[in-house]
Amino acid sequence: MRDLQKQYSHLADIESIGKSRMGRDQLLMTVTAKSTGSHDAKPAMWVDGAIHGNEVNGITCSLYLLWYLLTRYDYDPYVHDLVNTTTFYVLPGLNVDANDSFVRFPNTPNNPRRTYRPWDRDGDGLYDEDQTEDVDGDGELSVMYKEDPEGPLKLSPDGRRFIPVADPSERVLRFRRIGPEGFDNDGDGRINEDDIGGPDPNRNFPFGWNLADGYPYPLSEPETRNVWEFQRTHPNIFATFHYHNTGRLIMFQAPPAVRTGAAAAGIGAGGRGQQLTFQERLARLREDNRYAQLFDRQVAPEYQHDMDVQTRIVTTGARLLKDYNPVIGGLSGQAHAATYYMLGAYAYLIELWGSPVFAADIDGDGRVSEEELLMWIDLELHGEGWVTPRKFDHPDFGEVWIGGTQKKHTARTPPARYIEEEAQKNTDFVMYSASQFPRIEIDEIKVSGEGSDLYWVDVTVKNDRVYPTSSDRAVQLGIAVQDKLTFRSSNNVTRVTIPGGMTQIDPLNPGSRAVAPDGDTHEFRLKGQENLTFRYLVRASGQGWVEFQADSFHGGNAVKRAEIRGR
Ligand SMILES: [Ca+2]
Ligand SMILES: [Ca+2]
Ligand SMILES: [Ca+2]
Ligand SMILES: [Ca+2]
Ligand SMILES: [Zn+2]
């Protein structure tokens, strides 16, 4: 990050948004072309990675996005335009204490996940007193087994896995599972019963917060509070991406449901009185586009546009990410619940990577068995990625066997050879979303004589992007900034006051309808891919002009002038 910032200081800044519990900086990089305006004057994309400490491929994807934007700005017109018009706020590692531990120390693929708030998980009055350890010092945190004549497990024929004893009469060396590698640090007879970590940081945000998961109170963790304070004070943030693993999901934040399930399924649909089920409608859409998406959620009319917009964005996301499935995200203290429901920003949680089903499921039953997984590790990872069981003398348990698991970096995070492909397609999706941020334009100014010195002036304002200039949610929260159209004219052209509201020049032609503003400035809201035409009546004595200026908080500005050849 620091090297990139130094090399591209005209496009990038680094700041610390605050300190973690253990005193590490949460480093945020801001990317936008400084020559085209300051970062807070442009619509912004927020991206964070690894709020769950172990989910470090979110860091990789965030860094890849930064690298891609900065190194291609000079020669890639798509990136050039994005970086000129958009701000990217990227926090590669959110849970920096746990991120650091995951990378530098032996861990399972699942730990450490939470923030480092001291926590007495077993209620013995001591905090984090019995953590996991790499008992045999091989750099991996695997699983311990003990030989036991009554045990339910045996070694697989290849000696790499512990598998159930199917035939009780089988005469074979038997084992029982002890648990993840570790010592009984406090001598209470249990191992690893109070590992590091407090609340789940992705249940610690204020929207839908609950005590059990988000303990002890909303934004109690410095890591989540610093993020929220930054987002709250940057109202230019228009959309947010949050990288997690695992399972190849595009979890997007959808508006509140009016109803779901069977009741919503038959609505709209077939034509000619035909009612299609939800599955039939989806199947019909997928005849034309196999990435088509449809969600079984009916929303209130004032939220329909958000639902439509999100469906369109994640449909393209599914196409870009190929084997990812879009699903509606949860509402219990997650970061993306808060950004949509409290800030009105469109929000996406990406569950990166997952089981290598496409490559490894050779019998085609849709899942990867342990045998198939090992074959994949042997063939595609050349054997790297598995801890083969071996004996070790444990100070608390005597002779144990340790192993029979995937290595840390080949399970929830992609093995090295797949990292770039994963980061590349996720960067494509973030950039696609940013490319669809609203942009207000003045399309056409049409002047038509009404007889004598009067002229109708029709001005069409448009937004050809998928996103509206403000979300339905922002409108409902009362925080949406209205778009504004301002009328100006030369001295010899004056606006004639007519009643505001809908006008229709030709009573027989509904296409001649347009909204007449009742003042020099008019406020409105442009939805995604929408044109709006506004009509003014002017009086012109001789040659003159009218000029319109469109201003949108998220959609930028536009000015256009038209000549009037008055008599
Ligand atoms: Ca304890
Ligand atoms: Ca080990
Ligand atoms: Ca213990
Ligand atoms: Ca299979
Ligand atoms: Zn996660």
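Side chain of N245 to main chain of W353: no donor-acceptor pair is present (N/O by atom type, distance under 3.5 Å, no hydrogens or angles). In this structure, N107 contributes its side chain and F105 its backbone to a donor-acceptor pair below 3.5 Å. Using a distance-only test at 3.5 Å, with no hydrogens or angles considered, a donor-acceptor pair links the side chain of K425 to the main chain of L321. At least one donor-acceptor pair under 3.5 Å links the side chain of N204 to the backbone N or O of G214.
Under 4.0 Å is where a charged nitrogen must lie from a carboxylate oxygen, and between R174 and E147 no such pair does. The residues R121 and D195 are annotated as not salt-bridged, no charged nitrogen and carboxylate oxygen being separated by less than 4.0 angstrom. Between D184 and R190 no salt bridge is recorded (no basic side-chain N to carboxylate O distance below 4.0 Å). Between R161 and E370 there is a salt bridge, with a side-chain nitrogen of the basic residue lying less than 4.0 Å from a carboxylate oxygen of the acidic one. In this structure, D378 pairs ionically with R160, as a charged nitrogen and a carboxylate oxygen lie closer than 4.0 Å. Classification of D200 and R114 as a salt-bridged pair fails, no side-chain N sitting under 4.0 Å from a carboxylate O.
For R21 and T115, the side-chain atoms include no donor-acceptor pair closer than 3.5 Å. Defined by atom type and a distance below 3.5 Å, a donor-acceptor pair is missing between the side-chain atoms of Y116 and E221. A side-chain N or O of S20 and one of D97 form a donor-acceptor pair less than 3.5 Å apart. Side-chain contact of D81 with Y73: a donor-acceptor pair under 3.5 Å is absent, judged by distance alone. Using modelled atom types and a 3.5 Å distance limit, the side chains of T32 and K42 yield a donor-acceptor pair.
Two residues are said to be in side-chain contact when any heavy atoms from C-beta on lie closer than 4.5 Å; Y418 and E422 fail this criterion.
Applying the side-chain hydrogen bond (donor to acceptor under 3.5 Å, both in side chains) rule to pairs touching residues 1-15 yields D13-K34, sequence neighbours excluded.
In this structure, the ring of F183 has its center no less than 6.0 angstrom from the ring center of F397. Aromatic ring centroids of H554 and Y467 lie 6.0 Å or more apart.
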Worksheet item: Which is it for Q253 and T339 under the side chain to side chain contact (heavy atoms under 4.5 Å, CB included) test, yes or no, and what are the steps along the way?
Response: CA-CA 9 Å; Q253 210 41 268; T339 52; over 6 Å; no
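For L294, the side-chain contact (heavy atoms from CB on, under 4.5 Å) partners are F278, R281, L282, L285, not counting sequence neighbours. Applying the side-chain contact (heavy atoms from CB on, under 4.5 Å) test to D136 and every residue at least two apart in sequence or in another chain returns D134, D138, E181, R390, F392, I402. The side-chain contact (heavy atoms from CB on, under 4.5 Å) test applied to L91 returns I17, Q26, L28, W46, D48, L94, V227, not counting sequence neighbours. Residues satisfying the side-chain hydrogen bond (donor to acceptor under 3.5 Å, both in side chains) test with H244, not counting sequence neighbours, are H52, E55. For the ring pair (Phe, Tyr, Trp, His ring centres under 6.0 Å) test, residues two or more places apart in sequence or in another chain that qualify with F429 are F241. Qualifying ring pair (Phe, Tyr, Trp, His ring centres under 6.0 Å) partners for W119, counting only residues two or more places apart in sequence or in other chains: Y215. R286 meets the salt bridge (charged side-chain N to carboxylate O under 4.0 Å, His left out) test with no other residue; sequence neighbours excluded. For Y127, the ring pair (Phe, Tyr, Trp, His ring centres under 6.0 Å) criterion is met by no residue, not counting sequence neighbours. Residues that satisfy the side-chain hydrogen bond (donor to acceptor under 3.5 Å, both in side chains) test with N325, not counting sequence neighbours, are absent from this structure. The side-chain contact (heavy atoms from CB on, under 4.5 Å) test applied to H409 returns F102, T413, not counting sequence neighbours. Partners of Y432 according to the ring pair (Phe, Tyr, Trp, His ring centres under 6.0 Å) rule, which considers only residues two or more places apart in sequence or in another chain, do not exist here.
For CD of E229, the number of neighbouring non-hydrogen atoms (other residues, nucleotides, ligands) closer than 6.0 Å is greater than 12.
The aromatic rings of Y346 and Y340 lie tilted to each other, with the angle between the two planes from 30° to 60°.
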